[in-house]
2 protein chains.
Amino acid sequence: MASVYSGSGDPRRSIELLWGVQERPRRGPKPRLDVEGIVAKAIAVADAEGLAAVSMRRIAGELGVTAMSLYGYVPGKAELVDVMVDRVYGELTEPETEPPGWRAALEAVARRSWDLYLRHPWLLQVAASRPLLGPNFIAKYDQELRAVAGTGLSPIEMELVVTLVGNYVHGAVRGAIEAAEAEQRTGLTDDAWWERYAPLLEKVFDADRYPTAAVVGPVAGEEMGAGDPARAFEFGLERLLDGVEVLVRRRQDGETA
Amino acid sequence: MASVYSGSGDPRRSIELLWGVQERPRRGPKPRLDVEGIVAKAIAVADAEGLAAVSMRRIAGELGVTAMSLYGYVPGKAELVDVMVDRVYGELTEPETEPPGWRAALEAVARRSWDLYLRHPWLLQVAASRPLLGPNFIAKYDQELRAVAGTGLSPIEMELVVTLVGNYVHGAVRGAIEAAEAEQRTGLTDDAWWERYAPLLEKVFDADRYPTAAVVGPVAGEEMGAGDPARAFEFGLERLLDGVEVLVRRRQDGETA
DNA sequence: TTGCACTCTCTACACCGTAGAGATATCATC
DNA sequence: GATGATATCTCTACGGTGTAGAGAGTGCAA
């Protein structure tokens, strides 16, 4: 099954939904639902059971209506997911004191993003067709840019740094989320899984064919099991910030882009 | 719809499939198909139309059988996807001369991975429950580790650097793939989409609320449109390599982890 | 030659998103 | 207050998904 695609559909309708600026009809029966309620229920189901559990039938059932009713509020499932995504981005920009200095601020951006994915793992499964320019997305973007404002980086470079951090966190958090979900879905811890898998692999694995992996793999496995995504995230974030620091230093030494 | 989960199911059966070591039955009709043929067809369909097009009915139809026949060869769709993933990883480790020096070698690793995703965009939609320890995955891992062998990094650090690069590329290539797919699916170029979207956004957007975004956004948009994923990838890769270089220098100066 | 294991088709089930018809509720207008 | 227009909701249906299990046919081992 493919990812849920967001950012599709009629732009006018999408903007209305994202920004909550739709005109309310005057005639007809009083609506029993509203967009915010539908979205909140969808987020709750997704958080608890993953995006696969968010079917129109499921959400409608949870709200005491039938599936087709939802289409009076959102044009389709993709648009529902759009709004879900923008709503959870709102958690990133709650009033919070920014740490001093670009490096600590950028680190905080990365950590908040990482934490957001951990709270809402389904975010990983949403493929964006086009940027979702909802209020919280833009607020998030604004906050991220502010982390690197005043560094001497050009606007383009600021944009690119923010994109770099976002891309990295998205890539890195997969490991953490997938490991947690694998355990939940199969009921097997990493260790239990490895106990079943390792003897089978040993029958087919030829160390001569993979000499470096044969050395590093067991060492890494001993210390990190099937992976230690949080440690990998920390390590990678440090490297990434070091790399940005090289560039920031260059800019502050007067070298322009 | 959720991502396709790989790395699930019976470990014995998975290993047999991945490594091609299954015993062939002796009795019964001659099989009309084989795993390699099914996988190749599935990859071809996924490459052309995305992973959503890879239904058991579709693949069976393309092979001239009915859907349930496929279950004699693979236990389920997830396992089919497992094998698909490992097979395309084989493209990463075709005989190729490695550039000299860890930095160039690591850059080549990243580029090859980026290119692989571009050739097989459906890889983005595969969520790994557990590491898929197939022959090509391990070969890929071995090759990646070799890129940073001899740098003075510990085995754990080597593992972490390789993970960092993999995570970054996975996060970064999303932009490129999603942009291409959005255009294909909607028939709208970025420019055409923006022409429809911008006037609507302008009605709801308040520059005072997003001061930094209001400055950087238009500059970035002018130069990069809705995004320039390739440029972001290049920029981010440079930063990342700079960051790893800081660490490598530290190790070569005698500072241990 | 017979029995067993195997391959394949068919049918079915439970699930999915969503179109459209019809019943009902509520408001705007006269 | 009555009527018509608009809106909400339910129901039914369609085309799609992965996969279970029964039955028919194939080919090898004993």
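In what follows, chains carry the letters A, B, and so on, assigned in the order in which the sequence lines appear, proteins first and then strands, with residues in each chain numbered from 1.
- One interatomic measurement links the two molecules: OH of B/Y71 to C1' of C/dC6, which rounds to 19 Å at whole-angstrom precision.
- Place B/P25 and B/G64 on DNA chain C by their nearest nucleotides, and B/P25 ends up nearer the 5' end.
- Salt bridge B/E79/B/R13: absent, no basic N to carboxylate O contact under 4.0 Å.
- Not a single salt bridge (Lys or Arg N to Asp or Glu O under 4.0 Å) links A/R32 to another residue, sequence neighbours left out.
- Listed by chain and residue number, nothing satisfies the salt bridge (Lys or Arg N to Asp or Glu O under 4.0 Å) test with A/R209 (two or more places apart in sequence, or in another chain).
- Distance, B/L33 CG to C/dT9 C1': 13 Å, rounded to whole Å.
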Distances for protein N or O near nucleotides 11-14 of chain C N or O, under 3.5 Å:
from: C/dA12; atom 1: N6; to: B/R57; atom 2: NH2; distance (Å): 3.4

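- Separating the CZ atom of A/R58 from the C1' atom of C/dG17 is a distance of 17 Å, rounded to the nearest angstrom.
- Straight-line distance from the CG atom of B/L80 to the C1' atom of D/dT19: 14 Å, rounded to whole Å.
- In this model, the phosphate group of C/dC8 is approached by a side-chain N or O of B/Y73 to a distance below 4.0 Å at OP1 or OP2.
- Relative orientation of the A/H170 and B/H170 rings is parallel, given thresholds of 30° and 60° on the angle between their planes.
- If you take CD of B/E23 and P of C/dA5, they are 16 Å apart, rounded to a whole angstrom.
- In this structure, B/S55 reaches the sugar-phosphate backbone alone: every heavy-atom distance under 4.0 Å involves primed, P, OP1 or OP2 atoms, never a base.
- The side chain to side chain donor-acceptor pair (under 3.5 Å) search around A/E36 returns A/R87, not counting sequence neighbours.
- If you measure from atom CG of B/L63 to atom C1' of C/dC8, you get 14 Å, rounded to the nearest angstrom.
- The aromatic rings of B/W193 and B/Y197 lie tilted to each other, with the angle between the two planes from 30° to 60°.
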Taking protein heavy atoms under 4.0 Å as touching, what does nucleotides 24-30 of chain D look like 5' to 3' if B marks base contact, S marks sugar-phosphate-only contact and - marks none?
-> -BBBBS-
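- A sub-4.0 Å separation between OP1 or OP2 of C/dT26 and a side-chain N or O of A/R32 is absent.
- Taking a cutoff of 4.0 Å between a charged side-chain nitrogen and a carboxylate oxygen, B/R112 and B/E91 do not qualify as a salt bridge.
- For the side chain to side chain donor-acceptor pair (under 3.5 Å) test, residues two or more places apart in sequence or in another chain that qualify with A/Y141 are A/E159.
- For C/dC8, the OP1/OP2 oxygens have no side-chain nitrogen or oxygen of B/S69 closer than 4.0 Å.
- In this structure, B/F233 and B/W114 have parallel ring planes: the angle between them is below the 30° cut-off, well short of the 60° mark.
- The distance from atom CE of A/M56 to atom C1' of C/dC15 is 15 Å, rounded to the nearest whole Å.
- Residues A/P31 and B/A53 each lie close to DNA chain D; by heavy-atom proximity, the contact nearer the 5' end of the strand is made by A/P31.
- The nearest whole Å value for the distance from the CG atom in A/L70 to the P atom in C/dA19 is 13 Å.
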